[in-house]
Amino acid sequence: LEEGHLKLLYQPFVDLKSGKLVGTEALIRWEHPIHGLLRPDQFLDAAEVSNMMFPIGRWVVEQVVQTAQAY
């Protein structure tokens, strides 16, 4: 968290009939300096063991709110 390696990617949900955006899902990724972009299943178990789930969750909410405010 402190080094800024976590990233959020946004997956849009589109109504197929109208083509309108109806929602968005935030997807967390870890931009690992050696292993590249890691999916949650590749790092969240370690985050849970190291008691980082709450700080990561708080960070996700803060980032989503900041992104939503920008639009």
Side-chain donor/acceptor pairs under 3.5 Å, residues 22-36, sequence neighbours excluded:
from  : atom 1 : to    : atom 2 : distance (Å)
His32 : ND1    : Ile34 : N      : 2.9
His32 : ND1    : His35 : N      : 3.0

> At their closest point, which heavy atom of Tyr10 faces which heavy atom of Thr67, and how far apart are they?
Replying inline: OH-OG1, 3.1 Å
>> Do Leu6 and Leu1 make a side-chain contact, defined as non-hydrogen atoms from C-beta onward lying under 4.5 Å apart?
In response: yes
>> For Arg39, is there any backbone N or O sitting under 3.5 Å from a side-chain donor or acceptor partner on Gln42?
In response: yes
> Has the side chain of Lys20 got a donor or acceptor atom that lies under 3.5 Å from a matching backbone atom of Lys17?
Replying inline: no
>> Does Leu21, at its CG atom, have more than 12 non-hydrogen atoms belonging to other residues, nucleotides or ligands within less than 6.0 Å?
In response: yes
> If you look at every heavy atom in Pro55 and Asn51, which pair is closest and at what distance?
Replying inline: CD-O, 3.8 Å
>> Leu44: which residues meet the side-chain contact (heavy atoms from CB on, under 4.5 Å) condition with it, sequence neighbours left out?
In response: Pro40, Ala47, Met53
>> If I compare all heavy atoms of Leu8 with all of Trp59, which pair ends up nearest, and what's the gap?
In response: CG-CZ3, 3.9 Å
